[in-house]
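For reference, the structure discussed in these notes is given below.
Per chain, numbering begins at 1; letters A, B, ... match sequence-line order. Since this is a predicted model, take the numbers as computed values, not measurements.
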Amino acid sequence: MSEPLLSISGLHAWYGESHVLHGVDLTVAQGEMVTLLGRNGAGRTTTLRAVLGLTGSRRGSVRVGGVETTGLAPHRIARLGIGYCPEERGIFSSLSTEENLLLPPPVGNDRAMSLDEIYLMFPNLKERAASPGTRLSGGEQQMLSVARILRTGARLLLLDEISEGLAPVIVQRLGEIILSLKQRGYTILLVEQNFRFAAPLADRFYIMEHGQIVEHFTQAQLSSKMGMLHEFLGV
Amino acid sequence: MNELMGIALPPLPAVLGQMTLGLVNGSFYALLSLGLAVIFGLLRVVNFAHGAFYMLGAFAAALALEHLGINYWLALLLAPLAVGALGVVLERLLLRHLYGLDPLYGLLLTFGISLVAEGALLQHFGSSGQTYPVPDALQGAVNLGYMIIPLYRLWVIAASLVVCLVTWFLIERTRLGATLRAATENARLVQAFGINVPLLVSATYGAGVALAALAGVLSAPVIQVSPLMGSSLVIVVFAVVVIGGMGSILGSVVSGLGLGMIEGLTKVIYPQASSIVVFLIMALVLIWRPTGLFGKS
Ligand SMILES: Nc1ncnc2c1ncn2[C@@H]1O[C@H](COP(=O)(O)OP(=O)(O)OP(=O)(O)O)[C@@H](O)[C@H]1O
Ligand SMILES: [Mg+2]
């Protein structure tokens, strides 16, 4: 079997003095869609940030496409082909919608979607191209935050709580978009709180608690794990 | 006619004349505060060395003419490049280590840099100024109708306006500018998109410093080139930046030009106040709008 596209092992991360990740092990294979679940404060956002080298300090190993990233600056890690959609969406208020969309530079040549394809998938963004990014509705901002990393040729998408705080119809639309990205061959690591959103999409699931992975199973094992999920996540 | 409610009004040509001369000073304020604004926006560093870089620009031009025969036009290009490169080196070696700390440290460091630069040149050249000749093509004077103004001063206004406009265009209308604006808002995220933010930061500091040096070369033919020429100017420029709003590009240009003219106007109306009017306005602005006229809170 070839090496997974993302391979995290024994990952520790700190914010200043506070030790947040305590030895995380997680892999995402090429073309796979993996969901990282957990309670508030479990360390899921920190895991994504640590992959990109954005936490204060980190220890352990994070390999992207077989390349060890420890010691690399965040922009070098991103250029291994990562697209990051942060929890707070990260839309820039001094940039127009289109400038936000065009901001991320190419980081690879896999599956780069053209601007036309992106506008076809996100028609609202085309209509609002000239408005400041933060004038968009919450749902539109979330779409923008996902859309702008599809142009870059990134092969690995790190998506943090993209369904959070959005109306059900928009969550449904996002679900369709994620599925179509998966069909296009993107590799996705999705952090979610909304289990119902993530459950039908993912190939595999990881459950995180206190900065460690406590459980890990496949889509096929999902139904037998409902009791455990109930206990951990209250779903 | 020249009297309003018992107060003697100065004649109109005198008012217009002083305002025009004020616009020349305002051009320097605008160029200098523009560089400060760009640097503060991205680096969150109050670049106290700005006056020293302005002075170094003028000195570079003067020394290049004296020792290498490099003329004004070439100096206008080369001095900002050389001083900007020095800025990049200082950013890489020194300033870089202070990011994320209290902005006070950056201010102290750059203040120290300016003391070192001024001290070294004072030691070598003394405090008396050198004159720099007005280039041949800009000799002479122009009759504006209400005053006769040296052509060189008009050139200063025009050149500054063009530089400010080009800088504004680069920042507000280009891809590079969009990257700079985004990094000003959230540098970590921009870096997580694969953009080399540390390089962008160095280049931005260098560009801001180069603007100061450009102002220095422009000023060389109108003032005495001396080691301390930047130290008093920089205080006024900081007031201009505070009035315009820290980090605001448009604010720095508009308030630079505007305050230059207000200073000129004060010279005819109440000359005693002309050197403090900018600080008075700053105090009023701080009370009324602490983020400055164009600043965002
Ligand atoms: N910048 C920070 N500085 C210090 N501690 C932080 C910082 N960000 C997060 N933490 C702490 O790290 C722990 C993990 O946070 P993280 O954001 O990774 O959780 P999460 O699983 O994404 O949960 P949620 O998004 O629901 O808050 C929490 O205890 C949080 O308080
Ligand atoms: Mg989170």
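- Remark: Arg173(A) engages Glu176(A) in a salt bridge (charged side-chain N to carboxylate O under 4.0 Å, His left out) (not counting sequence neighbours).
- In summary, the side chains of Tyr84(A) and Asp160(A) do not present any donor paired with an acceptor at a separation below 3.5 Å, with no hydrogens or angles considered.
- Looking at Leu80(A), there are no atoms closer than 4.5 Å to chain B (heavy atoms on both sides), in backbone or side chain.
- Within the 4.5 angstrom heavy-atom criterion, no atom of Arg49(A) approaches chain B.
- Proximity to chain B involves both the backbone and the side chain of Leu54(A), based on heavy atoms less than 4.5 angstrom apart.
- Interface remark: of the candidates Thr179(B), Ile195(B), Val197(B), Ile195(B) forms the most heavy-atom pairs closer than 4.5 Å to chain A.
- Residues of residues 81-111 of chain B lying within less than 4.5 angstrom of chain A, judged on heavy atoms, are absent.
- Of the atoms belonging to Leu158(A), not a single heavy atom falls under 4.5 Å from chain B.
- Neither the backbone nor the side chain of Thr152(A) comes within less than 4.5 Å of any heavy atom in chain B.
- The part of Arg175(B) that comes within reach of chain A is its side chain, from C-beta onward, which places non-hydrogen atoms under 4.5 angstrom from that chain.
- There is no side-chain donor-acceptor pair under 3.5 Å between Gln141(A) and Thr134(A).
- There is a side-chain donor-acceptor pair under 3.5 Å between Ser219(B) and Tyr54(B).
- Taking CZ of Arg181(B) as the start and CG of Leu176(B) as the end, the distance is 10.0 Å to the nearest 0.5 Å.
- A side-chain donor from one of Asn40(A) and Gln193(A) sits under 3.5 Å from a side-chain acceptor of the other.
- At a 4.5 Å heavy-atom cutoff, the contact between Pro86(A) and chain B is made by side-chain atoms alone.
- Within 6.0 Å of the NZ atom in Lys126(A), the count of heavy atoms belonging to other residues, nucleotides or ligands does not exceed 12.
- Residues His210(A) and His22(A) keep their aromatic ring centres 6.0 Å or farther apart.
- Under a cut-off of 6.0 angstrom, the local environment of CZ in Arg76(A) is sparse, with at most 12 non-hydrogen atoms contributed by other residues, nucleotides or ligands.
- We find that Glu117(A) and Arg184(A) are joined by a salt bridge, their nearest charged nitrogen and carboxylate oxygen being less than 4.0 Å apart.
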